[in-house]
Every structure is written in structure tokens, then in C-alpha cells.
Amino acid sequence: QVQLVESGGGLVQAGESLRLSCAASGSIFNINAMGWYRQAPGKQRELVADISSGSSTSYADSVKGRFTISRDNAKNTVYLQMNSLKPEDTGVYYCYARTHLVYWGQGTQVTVSS
């Protein structure tokens, strides 16, 4: 079992920045990758960014050049630095951790006003 606790969401204006954090606990030694999905109102959940245990990263095209995913292995925490935020980045952001199963955080709201 892996438990995930997210923090860092909020309300910002377009062009501003936010940093999301996701702290993992439990069977963390089995984690292969972690990352973030988001879900906007009325839309399907979409992958935002992923980081492997070897620190390889991938991003949705819509966030490339603006978002950066990173991990601190000592703290068992993954971060999503979000710069130059746009109103279309608004949504609930969910952290996940993948072992042979996928575990999810509770979600954190990000709202970007124009």
C-alpha cells in the first residue's frame, strides 16, 4: 500500500506560479513512477507529467516549457512546479504512484483566473 498526500493548490492569476507537492508513504520501495493528472470541469482526466524511478520525465504537450516535475527521494516527495499558468490549467490535480497497481492522492484544486 502507498499513501499519497498532496498540497500546494490554490487560486492564482494568469501568468503566476504554483508548486504542488505529493508526499508518499507506505510501500514506497515498490514505486516505479509518480506523476500528476488533472481533471477540468466537464473534461476527462489527462496526464500532466510523469517521473520515473530513474528520473526520466515526460509532459503533456500543453504544459511543456511551463511545468517541471521533480522528485526528492530523501523526502519521498514529488513536486510539480507550474509557471506561466493559464486559465485552461484550472482543474483538480491528482498525484499518482505506480507499482504493480496505481495509487491516487485526494486531489488538490488549482484555479487560474484570467
Side-chain angles (χ1 to χ4, degrees):
Q1 290 282 340
V2 175
Q3 294 79 43
L4 302 171
V5 178
E6 301 148 342
S7 60
L11 171 63
V12 297
Q13 293 188 333
E16 295 184 338
S17 299
L18 278 174
R19 189 177 79 157
L20 305 182
S21 300
C22 175
S25 61
S27 300
I28 58 174
F29 51 88
N30 287 329
I31 294 175
N32 299 316
M34 295 181 68
W36 298 87
Y37 272 74
R38 69 185 178 191
Q39 187 163 21
K43 295 188 177 181
Q44 289 188 332
R45 193 175 293 193
E46 63 171 346
L47 178 63
V48 176
D50 179 271
I51 185 165
S52 72
S53 56
S55 295
S56 295
T57 59
S58 61
Y59 299 92
D61 288 342
S62 59
V63 306
K64 283 180 181 177
R66 299 189 297 121
F67 290 13
T68 302
I69 189 169
S70 61
R71 63 194 299 162
D72 184 334
N73 290 329
K75 296 182 178 180
N76 301 318
T77 299
V78 170
Y79 304 98
L80 185 68
Q81 178 66 43
M82 305 186 293
N83 298 330
S84 302
L85 283 160
K86 304 177 180 180
E88 51 263 44
D89 294 318
T90 294
V92 179
Y93 283 67
Y94 297 92
C95 175
Y96 68 89
R98 189 169 63 244
T99 62
H100 65 290
L101 299 172
V102 179
Y103 298 90
W104 295 95
Q106 78 281 4
T108 186
Q109 177 70 45
V110 172
T111 303
V112 184
S113 63
S114 57

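Numbers for residues simply follow the sequence, beginning at 1.
Between L85 and L18 there is a side-chain heavy-atom pair separated by less than 4.5 Å. No side-chain heavy atom of S70 sits less than 4.5 Å from a side-chain heavy atom of Q81. The side-chain heavy atoms of M82 and V63, taken from C-beta on, include no pair separated by under 4.5 Å. Between I69 and V78 the shortest side-chain heavy-atom distance falls below 4.5 Å. Between V48 and Y59 the shortest side-chain heavy-atom distance does not fall below 4.5 Å.
Listed for the E6 side chain is no donor-acceptor partner under 3.5 Å among the backbone atoms of C22. Checking side-chain atoms of S27 against main-chain N and O of N30 turns up no donor-acceptor pair under 3.5 Å.
Taking the salt bridge (Lys or Arg N to Asp or Glu O under 4.0 Å) definition, one finds that K64 meets it with D61, sequence neighbours left out. In this structure E88 satisfies the side chain to side chain donor-acceptor pair (under 3.5 Å) test with no other residue, sequence neighbours excluded. Taking the side chain to side chain donor-acceptor pair (under 3.5 Å) definition, one finds that T111 meets it with Q109, sequence neighbours left out.
Rounded to the nearest 0.5 Å, atoms CG (L47) and OG (S58) are 6.0 Å apart. In this structure, CE on M34 lies 12.0 Å from OG on S52, to the nearest 0.5 angstrom. Between the OG atom in S84 and the CZ atom in R66 there is a gap of 7.0 Å [rounded to 0.5 Å]. In this structure, the separation between NZ on K86 and OG on S114 is 13.5 Å, given to the nearest 0.5 Å.
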Query raised in the report: Does the side-chain hydrogen bond (donor to acceptor under 3.5 Å, both in side chains) test come out yes or no for R38 and Y93, once each step is laid out?
Result: CA-CA 4 Å; R38 69 185 178 191; Y93 283 67; 2.9 Å; yes

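Taking hydrophobic clusters as Ile, Leu, Val, Met, Phe, Trp and Tyr residues chained together by side-chain heavy-atom distances below 4.5 Å, L4 shares a cluster with L20. Taken together through direct or relayed side-chain contacts under 4.5 Å among Ile, Leu, Val, Met, Phe, Trp and Tyr, V12 and F67 form part of one hydrophobic cluster. L101 and I31 fall within the same hydrophobic cluster, defined by Ile, Leu, Val, Met, Phe, Trp and Tyr side-chain heavy atoms under 4.5 Å apart, directly or through other members. In the hydrophobic clustering of ILVMFWY residues, with side-chain heavy atoms under 4.5 Å counting as a link, I28 and V5 come out apart. Under the 4.5 Å side-chain heavy-atom criterion for ILVMFWY residues, no single connected hydrophobic cluster contains both Y94 and V2.
The two residues S113 and P87 come nearest to each other via the heavy atoms C-CG, 4.5 Å. Shown here for R71 and S55, the closest heavy-atom pair between the two residues is CD-OG, 3.9 Å. Here the shortest heavy-atom pairing between Q39 and K43 reads NE2-O, 3.2 Å.
Side chain to side chain, D72 and T77 fail the donor-acceptor criterion of an N or O pair below 3.5 Å.
Other residues, nucleotides and ligands contribute at most 12 non-hydrogen atoms within 6.0 Å of the CD atom of Q44.
Aromatic ring centres of Y96 and Y103: separated by at least 6.0 Å.
The side-chain tip of R45 does not point at the ring of W36 from less than 6.0 angstrom away and within 45° of straight on.
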